[in-house]
Amino acid sequence: MRSDNRSARVQVLVAEQAALHGGPVGVADVCTAAVAALPVGGAGLSAMSRPTTSTAAASHPLCSTDDISEQLEELQLTLGEGPCVDAFLHGSAVLTPDLLNGRLQDHWAVFADAALEAGARAVFALPLQIGAISPGVLDLYADVPTVLDPEQLADALAFAELATLLLLDARIDESAPPVNTPAAARDFEDLGGYRTEIDQATGILTVQLGTGIDEAFVRLRAHAYMRGRRLADVAADVVAHRLRFSPDPADPADSADSADSADPDDHDRPGDHDQRDDNDQT
């Protein structure tokens, strides 16, 4: 099956899940749709980040479809081992058809036994990734030994890709709805453009900040969070040179939005100002 046809089919499945609860499309709908479409019993998704020079590593579960998947997310993040952790660290899918495999029990000495006790027998961890940016991992589990065939694996990767785009398209405030438009009105095609802009913006920030990809992405997310803006919108401002970051996180220029911010009142706050490229100044 062509990748574009597969992506379109996965988008329809996820949109149908959102329509059932009448809310906005979010990563929880990706998990539910994946369970319905694949030979697995549950799914969970965790947001994760690597340590930088200014922040510690962070991870927290965002959603799970059942008690077992919730336990698996918590186990891996608490123990610091398991397919989810490996997938995030290495940036590639970790497929575990049977946790009773002796080599796996040696590799994940604590997690393997705990996962089996929780009710999982097979676990598949798929990193959420855009270029060098990896904001988390999608985990699938089955209660019997399970092997994903090539078509099923391709579908699973398509679900992970959509989850990545939805996660990055969302406002950074985790307590807010992931998307502010009704499911029926979601334009999935826009997410591909956001993916490119977020990747480009992070690359630009590595130069502006003199730092690596991970820390640049953390700064981009932090700016979006502080302003209550979508990450994709902040990225667009960086790419268009409407917004420039200072290497010093304490610099107020780093916390000022561009002139076409969604909140025009932001520019009236004391201490706020824009820092623009020289070519944009008149």
Side-chain angles (χ1 to χ4, degrees), residues 1 3 6-7 10 13-14 27-50 57-130 132-164 166-167:
M1 179 182 297
S3 60
R6 188 184 308 278
S7 296
V10 165
L13 294 175
V14 173
V27 291
D29 299 308
V30 176
C31 290
T32 305
V35 173
L38 298 167
V40 297
L45 189 147
S46 290
M48 306 176 73
S49 65
R50 293 178 174 81
S59 57
H60 60 278
L62 292 182
C63 61
S64 55
T65 59
D66 63 344
D67 290 341
I68 295 177
S69 60
E70 182 178 3
Q71 289 183 61
L72 293 178
E73 296 303 300
E74 293 289 352
L75 276 172
Q76 295 183 90
L77 300 183
T78 301
L79 298 173
E81 68 174 36
C84 172
V85 177
D86 286 358
F88 179 70
L89 291 177
H90 301 299
S92 58
V94 176
L95 310 178
T96 311
D98 192 348
L99 284 169
L100 283 179
N101 182 300
R103 288 187 302 123
L104 294 176
Q105 291 188 310
D106 290 339
H107 182 55
W108 301 317
V110 181
F111 169 77
D113 287 341
L116 287 165
E117 185 176 348
R121 186 66 181 270
V123 182
F124 309 100
L126 311 166
L128 309 184
Q129 198 151 0
I130 292 180
I133 301 169
S134 181
V137 176
L138 171 65
D139 289 316
L140 309 171
Y141 87 87
D143 59 5
V144 295
T146 302
V147 175
L148 298 181
D149 65 32
E151 283 295 307
Q152 291 166 342
L153 178 57
D155 283 350
L157 292 171
F159 280 112
E161 179 179 33
L162 183 55
T164 308
L166 286 170
L167 183 60

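These numbers come from the heavy atoms of this one structure, side chains and all, not from hydrogens, waters or symmetry mates.
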Colleague: Which heavy-atom pair separates Gln76 from Phe111 by the least distance, and what is that distance?
Modeller: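 In this case the closest contact between Gln76 and Phe111 is CG-CE1, 3.3 Å.
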Colleague: Check whether Ser64 reaches the backbone of Gly44 with its side chain - one donor and one acceptor, N or O, closer than 3.5 Å.
Modeller: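 Not at all, since once roles are kept as given, no pair shorter than 3.5 Å links the two residues.
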Colleague: About how many Å separate CZ of Phe159 and OG1 of Thr32, when rounded to the nearest 0.5 Å?
Modeller: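 The OG1 atom of Thr32 sits 10.0 Å away from the CZ atom of Phe159.
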Colleague: Could you check whether any side-chain heavy atom of Leu100 comes within less than 4.5 Å of a side-chain heavy atom of Arg121, counting everything from C-beta outward?
Modeller: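 Yes. Closest side-chain heavy atoms under 4.5 Å.
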Colleague: Just to verify, what does Asp155 make a salt bridge (charged side-chain N to carboxylate O under 4.0 Å, His left out) with, not counting sequence neighbours?
Modeller: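 For Asp155, the residues satisfying salt bridge (charged side-chain N to carboxylate O under 4.0 Å, His left out) (neighbours in sequence not counted) are Arg6, Arg9.
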Colleague: Is there a donor-acceptor contact under 3.5 Å from the side chain of Ser134 to the main chain of Leu128?
Modeller: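 Such a contact is found between Ser134 side chain and Leu128 backbone.
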Colleague: Working to the nearest 0.5 Å, report the span between CG of Leu38 and CG of Leu153.
Modeller: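 Rounded to the nearest 0.5 Å, the CG-CG separation comes out at 9.5 Å.
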Colleague: Run the numbers on Ser69 and Asp66 for side chain to side chain donor-acceptor pair (under 3.5 Å), then give the verdict.
Modeller: CA-CA 6 Å; Ser69 60; Asp66 63 344; 2.6 Å; yes
Colleague: Mind listing the closest non-hydrogen atom pair of Leu77 and Pro61 along with its distance?
Modeller: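 Of all heavy-atom pairs spanning Leu77 and Pro61, the closest is CD1-CD, 3.5 Å.
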Colleague: Got a second to check how far Cys31's SG is from Leu45's CG, nearest 0.5 Å?
Modeller: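 Result: 5.0 Å between the selected atoms.
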Colleague: Measure the CD1-OH distance between Ile68 and Tyr141 for me, rounded to the nearest 0.5 Å.
Modeller: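 So the CD1 of Ile68 and the OH of Tyr141 are separated by 3.5 Å.
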Colleague: Could you report the tightest heavy-atom contact between Ala156 and Leu140, atom names first, then the distance?
Modeller: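 Smallest interatomic distance, heavy atoms only, reads CB-CD1, 4.1 Å.
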Colleague: Find the distance between CG (Leu62) and CG (Leu167) and round it off to the nearest 0.5 Å.
Modeller: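 Separation between the atoms: 6.0 Å.
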Colleague: Grab the two heavy atoms, one from Val10 and one from Leu162, that are nearest each other, plus how far apart they are.
Modeller: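 In this case the closest contact between Val10 and Leu162 is CG1-CD2, 4.0 Å.
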Colleague: Within this structure, what is the CD-CD distance for the pair Gln129 and Glu161, rounded to the nearest 0.5 Å?
Modeller: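 Reported to 0.5 Å precision, the distance equals 11.5 Å.
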Colleague: What pair of heavy atoms forms the shortest contact from Ala160 to Pro127, and how long is it?
Modeller: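 Heavy atoms only, the tightest pair is CB-O, 4.3 Å.
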Colleague: Tell me the closest heavy-atom pair linking Ala87 and Val94, and the distance in Å.
Modeller: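 Closest heavy-atom pair between Ala87 and Val94: N-CG2, 3.6 Å.
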Colleague: Between Trp108 and Leu99, does the side-chain contact (heavy atoms from CB on, under 4.5 Å) criterion hold? Intermediate values first, please.
Modeller: CA-CA 9 Å; Trp108 301 317; Leu99 284 169; 4.3 Å; yes
Colleague: In terms of heavy-atom contacts, does CG of Asp67 have more than 12 from other residues, nucleotides or ligands at under 6.0 Å?
Modeller: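 Atom CG in Asp67 is not crowded, with 12 or fewer foreign heavy atoms closer than 6.0 Å.
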